[in-house]
Amino acid sequence: QVQLVESGGGLVQAGGSLRLSCAASGRTLSAMGWFRQAPGKEREFVASIGWNDVNTYYADSVKGRFTISRDNAKNMVNLQMNSLKPEDTAVYFCAAYKFLTGGPDRPIGSWGQGTQVTVSS
């Protein structure tokens with residue numbers, strides 16, 4: 001099972017940007033994704049990217065503001081978050097899917113520990 005470690009979270013003002021990174025312990029021959037969980041809410045899908053850098057999916061709430069990318073040579077996946085809003089505040093989790101394509105309902109093989117993102121108004 002691949003180990004995932006997130007970094008890049010922090011505190012930012014509304015309208016600002018953050019870049020999250022996820023380092024995998026080995027080669028991830030699967031889709032990768034980001035999910036988030038706000039206090040008192042269930043974990044929700046944010047974005048995913050297929051193994052071959054195509055087939056990206058985004059939650060409607062982040063479309064046009066967030067961009068997911070991956071570097072298979074470095075076993076990393078990134079989430080560039082722009083125009084952040086207070087409602088983006090959550091713990092963000094990196095995920096490795098069990099299959100080559102991702103999306104909100106596809107099975108997850110591994111989770112990271114999460115990184116806190118706080119957006120102040």
Side-chain angles (χ1 to χ4, degrees):
Q1 192 174 20
V2 64
Q3 304 297 314
L4 304 173
V5 179
E6 303 95 335
S7 62
L11 173 64
V12 64
Q13 289 188 332
S17 298
L18 280 175
R19 183 178 177 86
L20 305 183
S21 294
C22 173
S25 60
R27 191 177 183 189
T28 51
L29 298 177
S30 69
M32 299 291 293
W34 289 93
F35 290 71
R36 66 186 182 186
Q37 187 168 18
K41 295 187 177 181
E42 293 186 353
R43 190 173 300 189
E44 65 176 3
F45 171 79
V46 175
S48 68
I49 184 168
W51 176 77
N52 56 358
D53 282 343
V54 296
N55 298 321
T56 56
Y57 298 95
Y58 294 93
D60 288 343
S61 58
V62 306
K63 280 181 181 177
R65 300 188 298 123
F66 291 11
T67 302
I68 189 170
S69 62
R70 67 187 295 166
D71 185 337
N72 289 336
K74 297 181 179 179
N75 298 321
M76 295 195 68
V77 61
N78 303 302
L79 185 69
Q80 179 66 42
M81 305 186 296
N82 299 327
S83 303
L84 283 161
K85 304 175 182 179
E87 51 263 44
D88 294 319
T89 295
V91 177
Y92 283 70
F93 297 90
C94 178
Y97 287 82
K98 288 187 175 180
F99 304 110
L100 297 179
T101 56
D105 300 318
R106 300 284 283 175
I108 302 296
S110 299
W111 292 98
Q113 293 298 308
T115 184
Q116 177 70 47
V117 171
T118 303
V119 184
S120 63
S121 58

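Computed from a prediction, not measured in an experiment: that's the story for all the values here.
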Novice: Please determine which of Y58, F66, Y92, F93 meets the side chain to side chain contact (heavy atoms under 4.5 Å, CB included) test together with W34.
Specialist: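 Result: among Y58, F66, Y92, F93, Y92 is the only option passing the side chain to side chain contact (heavy atoms under 4.5 Å, CB included) with W34.
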Novice: Keeping Q113 on the side-chain end and E6 on the backbone end, is there a donor-acceptor pair under 3.5 Å?
Specialist: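 It does not hold such a pair.
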Novice: With no hydrogens and no angle check, do the side chains of Q80 and N82 hold a donor and an acceptor under 3.5 Å apart?
Specialist: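 N82 and Q80 do have a side-chain donor-acceptor pair below 3.5 Å.
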Novice: Which heavy-atom pair separates L4 from S110 by the least distance, and what is that distance?
Specialist: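 What the structure gives for the nearest pair is CD1-O, 3.6 Å.
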Novice: Going only through I, L, V, M, F, W and Y residues with side-chain contacts under 4.5 Å, is there a path from V46 to L84?
Specialist: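 Per the 4.5 Å side-chain linkage, V46 and L84 are co-clustered.
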Novice: Nearest heavy-atom pair of V77 and C94: which atoms, and what distance?
Specialist: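 Taking V77 first and C94 second, the nearest heavy atoms are CG1-SG, 3.8 Å.
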Novice: Take M76 and S7 through the side chain to side chain contact (heavy atoms under 4.5 Å, CB included) test and state the conclusion after the steps.
Specialist: CA-CA 11 Å; M76 295 195 68; S7 62; 5.8 Å; no
Novice: Please state whether the rings of W111 and F35 are parallel, tilted or perpendicular, taking 30° and 60° as the class boundaries.
Specialist: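 Rings of W111 and F35: perpendicular, over 60°.
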Novice: Mind listing the closest non-hydrogen atom pair of Y97 and G103 along with its distance?
Specialist: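 For Y97 versus G103, the nearest heavy atoms are OH-O, 2.6 Å.
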Novice: Cut-off 3.5 Å, no hydrogens considered: what does the side-chain donor-acceptor table look like for residues 114-121, sequence neighbours left out?
Specialist:
unit_1 : atom_1 : unit_2 : atom_2 : d
T115   : OG1    : G9     : N      : 3.3
Q116   : NE2    : A90    : O      : 3.4
Q116   : NE2    : T118   : OG1    : 3.3

Novice: Looking only at heavy atoms, what is the nearest atom pair of A14 and P86, with distance?
Specialist: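 In terms of heavy atoms, the two residues are closest at CB-CD, 4.1 Å.
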Novice: Tell me whether L18 shares a hydrophobic cluster with M32, the cluster being built from Ile, Leu, Val, Met, Phe, Trp, Tyr side chains joined at under 4.5 Å.
Specialist: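 Same cluster: L18 reaches M32 through Ile, Leu, Val, Met, Phe, Trp or Tyr contacts under 4.5 Å.
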Novice: Does any non-hydrogen side-chain atom of V62 lie less than 4.5 Å from one of R36?
Specialist: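 The answer is yes, as the side chains (C-beta and beyond) meet within the 4.5 Å cut-off.
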Novice: Determine, for D60 against K63, whether the closest basic-nitrogen to carboxylate-oxygen distance falls under 4.0 angstrom.
Specialist: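 Yes, charged N to carboxylate O under 4.0 Å.
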Novice: Would you say the side chain of M81 lies within less than 4.5 Å of the side chain of V12, judging by non-hydrogen atoms?
Specialist: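 A side-chain contact is absent here, since even the closest heavy-atom pair is not under 4.5 Å.
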Novice: Indicate the atoms forming the closest heavy-atom contact of A24 with V2, along with that distance.
Specialist: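 Answer, listing the atom of A24 first, then V2: CB-CG2, 3.8 Å.
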Novice: Check for me, please, whether L20 and I108 land in the same ILVMFWY cluster - side-chain distances under 4.5 Å, paths through other members count.
Specialist: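 Per the 4.5 Å side-chain linkage, L20 and I108 are not co-clustered.
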